[in-house]
Visitor: 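Before I ask anything, let me first share the structure, which is written out below as structure tokens.
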2 protein chains.
Amino acid sequence: MEDQKIPQVTAKRLPLYYRYLEKLHAIGKKRVSSAQLSEALQIDPATIRRDFSYLGELGKKGYGYNVNYLLQFLRDFLRQDEVTNVVLVGVGNLGTALLRYNFYRSHNTKIVAGFDNDPAKIGTEVDGIPVLSMDRFKEVAELHNVEVVILTVPASVAQATADQIVEAGIRGILNFTPARLNVPPNVRIHHIDLTTELQTLIYFLKKFPVDEESETAREMDEAHKN
Amino acid sequence: MEDQKIPQVTAKRLPLYYRYLEKLHAIGKKRVSSAQLSEALQIDPATIRRDFSYLGELGKKGYGYNVNYLLQFLRDFLRQDEVTNVVLVGVGNLGTALLRYNFYRSHNTKIVAGFDNDPAKIGTEVDGIPVLSMDRFKEVAELHNVEVVILTVPASVAQATADQIVEAGIRGILNFTPARLNVPPNVRIHHIDLTTELQTLIYFLKKFPVDEESETAREMDEAHKN
DNA sequence: ATGAATTTGTGAAGAAGGTAACAGATTGCG
DNA sequence: CGCAATCTGTTACCTTCTTCACAAATTCAT
Ligand SMILES: NC(=O)c1ccc[n+]([C@@H]2O[C@H](COP(=O)([O-])OP(=O)(O)OC[C@H]3O[C@@H](n4cnc5c(N)ncnc54)[C@H](O)[C@@H]3O)[C@@H](O)[C@H]2O)c1
Ligand SMILES: NC(=O)c1ccc[n+]([C@@H]2O[C@H](COP(=O)([O-])OP(=O)(O)OC[C@H]3O[C@@H](n4cnc5c(N)ncnc54)[C@H](O)[C@@H]3O)[C@@H](O)[C@H]2O)c1
């Protein structure tokens, strides 16, 4: 709480900046302007400068931002040096895909285990990550200091599963199910609703068919470029 | 364009309402109030009423909303009766999971084909959906009137692939890669950045550890409940 | 060294979204 | 029927986010 509050949206964009700065660093670029960042990330340069200004005066007038400095600053700010352990519950189609994705290499986030209630899956491994019975959830979560769960169970059991993992002390849930979970106020939930995203995209296309002339549709859509 | 503009956020919530109304309809519920919807969807009742008011006067004072009527209205408005054909490009971990998911049953959206450039995958099927060579993209997309692509290729080839599919006449892209795609203004892109979502969730947990006393963190987070 | 060119940080205005609150319409109980 | 209870639609306000526009600082070319 020692940090002064930064806007929600800014917090969501910081990882984007971080990721791109890593790329710039990798190719040896030493400086970058908000205009160049804007070009690459498709975010208004004023927005970018404002975002950074919440963190301090990170740039220099007439020069721009020093890539190394900014990268290091964001690394610290985002605690990118600390490894975060998470677990995934529901090793089905989507869960397996997520287990196979290497969040660790790119983001210092480690999925230490998957959980499922299907006896056929329990005891197996996905890319070296063990799939365990839900019985062992609390034990394993505590052992690895896990506070965040990726939830990919069927919607029908989402609430019951959420109750169970909250009970075990989990404080954050990345919810891929369409269910709206009811949890205590001290537990944070982020919803990712793939179906709705697809539907919304289709809705806009059907509703506002773009003729080459008009830019309206694109303007309408800018806000979606999170 | 005949429809008066409705706010972005409202458009994103409509499928949510629609989905829940289907559930209500299925269990035979005849009427529902904004307060009840609020309870189930965790959206402020005033927001719900405002959302519906953009579409017309759909409710009745002292009564609430007629489930069947509202459901039918939203079905029409969202064009849920028309089947939308889409294709998926990049049949890897994530792509395969999405192919296996039945968008059709739940949302009248049909993935008619997957595309990949891996010879080992071309010619196979995933749950009855054929995996084809990119060479056939334009032909197949035109045959099935496809305007929307789900993009799940590696980030490194995302831009090149986007160019290729835009060239073939695609007008909407659901982009799962972390790449920020550059496309003509008449093509719509929605980004779904799973990694950033996870990072942002973790960021908030680390930055604002919730003590039972304080609600600050939850307040800060409300906006994420999309 | 000088002055033109850059580029930041931010004040101010605007756009977009959320919500309290209430008039007015309707329901449904007694 | 009469009246309390219910519940919408919307006005008014508030908060959050975006963007314009510009002074101030710095760089860079000559
Ligand atoms: N797959 C997709 O592309 C996709 C798209 C949109 C939404 N979703 C949502 O993501 C969720 C998962 O989808 P999926 O396709 O991977 O489903 P899935 O059925 O393939 O996987 C669900 C997994 O959860 C396990 N499970 C069931 N009950 C459990 C319990 N009580 N405790 C622990 N594990 C349990 C099952 O054994 C299975 O392995 C669903 O809610 C779905 O609506 C998936
Ligand atoms: N899997 C995840 O959980 C996850 C999480 C976050 C982000 N992503 C992103 O989603 C994308 C896909 O991830 P993945 O794990 O499924 O990767 P993957 O490597 O498993 O799948 C990529 C697929 O694309 C195919 N491909 C490669 N080049 C192609 C081309 N030029 N044309 C057509 N197909 C081509 C490959 O053959 C492969 O089948 C990546 O951009 C990744 O960053 C994935």
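Every chain is numbered from 1 and lettered A, B, ... according to where its sequence line falls, protein lines coming before strand lines. None of the values given here were measured: they were computed from a predicted structure.
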Visitor: What does the list of N/O pairs under 3.5 Å between the protein and nucleotides 11-14 of chain D look like, with a distance for each?
Guide:
from    : atom 1 : to       : atom 2 : distance (Å)
dT11(D) : O4     : Arg50(B) : NH2    : 2.4
dA12(D) : N6     : Arg50(B) : NH2    : 3.2

Visitor: Who pairs with Tyr65(B) by ring pair (Phe, Tyr, Trp, His ring centres under 6.0 Å), at least two apart in sequence or on another chain?
Guide: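 For Tyr65(B), the residues satisfying ring pair (Phe, Tyr, Trp, His ring centres under 6.0 Å) (neighbours in sequence not counted) are Phe52(B).
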Visitor: OH of Tyr63(B) versus P of dG9(D): gap in Å, rounded?
Guide: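 Checked: the OH to P distance equals 13 Å.
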Visitor: Check whether NZ of the Lys or CZ of the Arg Arg31(B) lies under 6.0 Å from the centre of the six-membered ring of Tyr63(B) and within 45 degrees of that ring's axis.
Guide: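 Yes, cation above the ring, under 6.0 Å and within 45°.
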Visitor: Closer than 4.0 angstrom, basic N to acidic O: yes or no for Arg19(A) and Asp193(B)?
Guide: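 A salt bridge links Arg19(A) with Asp193(B).
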Visitor: Whole Å only: how far is the CG atom of Leu55(B) from the C1' atom of dT10(D)?
Guide: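 It is 15 Å, rounded to the nearest whole Å.
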Visitor: Residues two or more places apart in sequence or in another chain: which of them pass ring pair (Phe, Tyr, Trp, His ring centres under 6.0 Å) with Tyr20(A)?
Guide: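 Listed in chain order: nothing, the list is empty.
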Visitor: Please report, rounded to the nearest Å, how far the C1' atom of dG18(C) is from the CD1 atom of Ile43(B).
Guide: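 Those two atoms, CD1 and C1', are 12 Å apart.
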Visitor: Where do N or O atoms of nucleotides 21-25 of chain C meet protein N or O atoms at under 3.5 Å, pair by pair?
Guide:
from    : atom 1 : to       : atom 2 : distance (Å)
dA21(C) : N6     : Arg49(B) : NH2    : 3.2

Visitor: Under 4.0 Å from any atom of DNA chain C, heavy atoms only: list the residues of residues 21-36 of chain A that qualify, in numerical order.
Guide: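 Output list: Arg31(A), Ser33(A), Ser34(A).
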Visitor: For the residue pair Tyr69(B) and Phe73(B), categorise the inter-ring angle as parallel (less than 30°), tilted (30 to 60°) or perpendicular (more than 60°).
Guide: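 Aromatic pair Tyr69(B)/Phe73(B) classed tilted.
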Visitor: Residues two or more places apart in sequence or in another chain: which of them pass salt bridge (charged side-chain N to carboxylate O under 4.0 Å, His left out) with Arg49(A)?
Guide: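 Result, salt bridge (charged side-chain N to carboxylate O under 4.0 Å, His left out) vs Arg49(A): none returned.
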Visitor: Please confirm whether the shortest side-chain N or O distance from Lys60(A) to OP1 or OP2 of dA25(D) is below 4.0 Å.
Guide: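 Negative; the distance criterion is not met.
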Visitor: Provide, to the nearest angstrom, the distance between the CD1 atom belonging to Ile48(A) and the C1' atom belonging to dT7(C).
Guide: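 Ile48(A) atom CD1 is separated from dT7(C) atom C1' by 13 Å.
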Visitor: Please tell me whether Tyr17(A) and Asp51(A) have a donor and an acceptor in their side chains that are separated by less than 3.5 angstrom.
Guide: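 A pair is found: one side chain offers a donor N or O, the other an acceptor, under 3.5 Å apart.
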Visitor: Starting from the first five and the last five pairs of the helix from dA1(C)-dT30(D) to dG30(C)-dC1(D), work out the angle between the resulting helix axes, to 10 degrees.
Guide: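 Result, rounded to 10 degrees: 20°.
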Visitor: Using a distance-only test with no angle check, is there a side-chain donor-acceptor pair under 3.5 angstrom linking Gln72(A) and Asp76(A)?
Guide: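 There is such a pair between these side chains.
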Visitor: Look at the side chain of Asp44(B) and decide which nucleotide, out of dG9(C), dT19(C), dG17(C), has an atom nearest to it.
Guide: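 Looking only at heavy atoms from C-beta outward on Asp44(B), the closest nucleotide is dT19(C).
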Visitor: Kindly indicate whether the side chain of Val148(A), heavy atoms from C-beta on, has any atom under 4.5 Å from the side chain of Val87(A).
Guide: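 Sidechains of Val87(A) and Val148(A): no contact.
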Visitor: Got a sec, which residues hit ring pair (Phe, Tyr, Trp, His ring centres under 6.0 Å) with Tyr18(B), two or more places apart in sequence or on another chain?
Guide: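 Partners of Tyr18(B) by the ring pair (Phe, Tyr, Trp, His ring centres under 6.0 Å) criterion come out as none, since no residue qualifies.
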Visitor: Do His190(A) and Asn175(A) pass the side chain to side chain contact (heavy atoms under 4.5 Å, CB included) test, and can you show the C-alpha distance, the side-chain angles, and the key distance before you say yes or no?
Guide: CA-CA 6 Å; His190(A) 283 210; Asn175(A) 177 27; over 6 Å; no
Visitor: Whole-Å distance between dG9(C) C1' and Asp51(A) CG?
Guide: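 Answer to the nearest Å: 13 Å.
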Visitor: Kindly write out the residues that satisfy salt bridge (charged side-chain N to carboxylate O under 4.0 Å, His left out) with Glu57(B), not counting sequence neighbours, or none if the list is empty.
Guide: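 Here no residue qualifies.
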Visitor: Side-chain atoms of residues 156-165 of chain B: list all donor-acceptor pairs with protein atoms under 3.5 Å, sequence neighbours left out, distances to 0.1 Å.
Guide:
from      : atom 1 : to        : atom 2 : distance (Å)
Gln159(B) : OE1    : Asn182(B) : N      : 2.8
Gln159(B) : NE2    : Asp163(B) : OD1    : 2.8
Gln159(B) : NE2    : Asn182(B) : O      : 3.0
Thr161(B) : OG1    : Val157(B) : O      : 2.7

Visitor: Could you state the atom-to-atom distance from CZ of Arg13(A) to C1' of dT16(D) in whole Å?
Guide: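 About 11 Å, once rounded to whole Å.
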Visitor: Please list, by residue number, the residues of residues 64-72 of chain A whose heavy atoms come closer than 4.0 Å to an atom of DNA chain C; answer none if no residue qualifies.
Guide: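 The answer is Gly64(A), Tyr65(A).
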Visitor: Is any side-chain N or O of Thr47(B) closer than 4.0 Å to OP1 or OP2 of dG18(C)?
Guide: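 Negative; the distance criterion is not met.
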Visitor: When you look at Glu82(B) and Lys206(A), which way does the salt bridge (charged side-chain N to carboxylate O under 4.0 Å, His left out) test go after all the steps?
Guide: CA-CA 10 Å; Glu82(B) 304 170 16; Lys206(A) 282 192 180 166; 3.3 Å; yes
Visitor: Mind calculating the distance between NZ (Lys5(A)) and P (dT15(D)) to the nearest angstrom?
Guide: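 In whole Å, dT15(D) P and Lys5(A) NZ are 11 Å from each other.
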Visitor: Rounded to whole angstroms, how far apart are CZ on Phe52(A) and P on dG9(C)?
Guide: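 Whole-Å distance recorded here is 9 Å.
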Visitor: Taking salt bridge (charged side-chain N to carboxylate O under 4.0 Å, His left out) as the test, write out the residues that go with Glu167(A), two or more places apart.
Guide: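 Expected list: none.
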Visitor: Identify the heavy atoms of Leu201(B) and Leu174(A) that sit nearest to each other, and give their distance.
Guide: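 Closest approach of Leu201(B) to Leu174(A): CD2-N, 3.7 Å.
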